[in-house]
J.: 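One structure, as structure tokens, below. Some questions next.
Basis for what follows: all heavy atoms, side chains included, without hydrogens, waters or symmetry-related copies. Everything numeric in this text was worked out from a predicted model, so none of it was measured. First listed ligand is number 1; within each ligand, the first listed atom is number 1.
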Amino acid sequence: MSVKEENLVITPKTEPRHVKLLVLGSGPAGLAAALYAARAELAPLLLTGTELGGQAALTFSIENYPGFPQGVGGADLGELFQKQAERFGAQVEFDTAYSVDLSTRPFKVVADSGELLSDALIVATGASPIHLNIPGETEQTGKGVSYCATCDGWFFKDKKVVVVGGGDSALEEGLFLTRYASSVTVFHRRDSLRAGAVLQKRALEHPKMKFVWNTVLTGIVGGEKTEAVRTRNLLTGEEGLFPTDGVFIFIGHTPNTQMFAGKLEMQDGYIKVDDHMNTSIPGVYAAGEAADSHFRQVVTSAGMGAAAAIEATHFLERETV
Ligand SMILES: Cc1cc2nc3c(=O)[nH]c(=O)nc-3n(C[C@H](O)[C@H](O)[C@H](O)COP(=O)(O)OP(=O)(O)OC[C@H]3O[C@@H](n4cnc5c(N)ncnc54)[C@H](O)[C@@H]3O)c2cc1C
């Protein structure tokens with residue numbers, strides 16, 4: 001509430017809220033951390049960020065998360081995680097953190113709703129696949145456009161798919177897709193691959209894999225399902241329409257960790273953690289894709305979140321603020 005005094009508008013300074021444990025992120029890592037911390041009676045506060053349920057919520061169906069033999073909707077799984085955490089006392093708030101001060105405890109986090117103090121912090125802000133930012137990409141995500149072959153490859157049995165990229169992940173994921181797809185066509189903007197030699201050899205020799213060089217995608221076409229990609233040859237300028245059932249984009253991932261730059265040790269933008277999810281600052285833990293550039297799965301991220309919460313619980317038992 002604001003108080004008008006002469007010509008000045010004074011906004012009374014509200015005391016920052018102080019919690020034992022703050023979790024940043026509502027993906028599998030953050031929600032699993034909140035569940036474990038809630039069961040340890042830490043009454044954790046979780047800030048969701050703008051993507052409720054995290055990346056998993058972007059996909060129509062998750063078929064490789066244990067316990068769901070028929071698969072589970074990506075968004076449904078996020079809601080189930082949330083309900084389970086809330087049942088034990090986790091507080092989930094639709095709010096985003098935008099700066100942190102980890103130099104003293106309690107840690108200070110500034111979010112849209114104001115300043116928060118926290119005795120321990122779990123960073124589970126995940127990562128975002130780099131997008132092509134072309135027309136149709138957002139609309140077709142989950143309908144044919146994917147950023148995860150392990151997750152979605154199975155849906156493309158005997159179908160034609162396109163892979164975008166020329167690095168290790170593009171070829172690894174492309175080779176993985178040959179298990180299902182009838183053909184995998186790799187579109188690469190250059191005339192040679194960046195991937196390692198062994199991987200290149202395997203991909204180039206694979207009978208199901210084809211390569212289109214010096215070509216970028218300029219659009220993705222489809223309705224309920226993806227139907228084609230628009231292409232442009234960078235050397236000739238020639239435009240084309242290439243029919244496909246799926247488009248797998250592997251041009252890199254960006255961890256959502258910019259706010260921790262210079263505050264926590266990082267490697268290639270990922271927060272460095274040991275095998276107990278400890279970061280370089282005692283009491284600050286990181287879990288899921290904010291700290292993991294390798295596994296990038298719901299189950300592994302949730303596992304890291306649970307581990308971080310267990311460690312945070314032990315830390316808070318040992319330490320008093
Ligand atoms: C299209 C797609 C399909 C997939 N399918 C599968 C699958 O079938 N099976 C599988 O195992 N994996 C799948 N994955 C991968 C899986 O979704 C991720 O590995 C997993 O979601 C990572 O979990 P996370 O909690 O680490 O991070 P994320 O899921 O990335 O969640 C990060 C969370 O942090 C929040 N956040 C970010 N910044 C802030 C901030 N400043 N303050 C507060 N909150 C913040 C975001 O809002 C979000 O809620 C898929 C990924 C994609 C993109």
J.: Determine whether the side chain, the backbone, both or neither of L31 has a heavy atom under 4.0 Å from any heavy atom of ligand 1.
T.: neither
J.: Of the protein's non-hydrogen atoms, which lies at the shortest distance from atom 7 (C) of ligand 1, and what is that distance?
T.: C151 CB, 3.0 Å
J.: Considering only non-hydrogen protein atoms, determine which one is nearest to atom 18 (C) of ligand 1 and report residue, atom name and distance to 0.1 Å.
T.: E289 OE2, 3.1 Å
J.: Pick one of side chain, backbone, both or neither for how M259 approaches ligand 1, counting any non-hydrogen atom pair under 4.0 Å.
T.: side chain
J.: Side chain or backbone, does D95 bring an N or O within less than 3.5 Å of an N or O on ligand 1?
T.: no
J.: Which of these, G305, G53, A56, has its nearest heavy atom closest to atom 17 (O) of ligand 1?
T.: A56
J.: In the protein, which heavy atom is nearest to atom 42 (N) of ligand 1, and how far is it?
T.: A97 N, 3.1 Å
J.: Examine ligand 1 and decide if any of its atoms is less than 4.0 Å from a heavy atom belonging to S146.
T.: no
J.: Note the single closest protein heavy atom to atom 25 (O) of ligand 1, along with its residue, its atom name and the distance in Å.
T.: A29 N, 2.9 Å
J.: Just go through T141, V100, T125 and tell me whose heavy atom is the nearest to atom 37 (C) of ligand 1.
T.: T125
J.: Pick one: which of F156, F176, Y147 meets ring-ring contact (aromatic ring centres under 6.0 Å, His included) with F248?
T.: F156
J.: Which is closest to atom 9 (N) of ligand 1 by heavy-atom distance: V298, L22, L46, N64?
T.: N64
J.: Heavy-atom contacts under 4.0 Å between S128 and ligand 1: side chain, backbone, both, or neither?
T.: neither
J.: Between R296, Q55, Q258, which one has a non-hydrogen atom sitting closest to atom 52 (C) of ligand 1?
T.: Q55
J.: Provide the number and element of each atom of ligand 1 under 4.0 Å from a heavy atom of A124.
T.: 32 (C), 33 (C), 34 (O)
J.: What are the atoms of ligand 1, with element, lying closer than 4.0 Å to any heavy atom of A127?
T.: 30 (O)
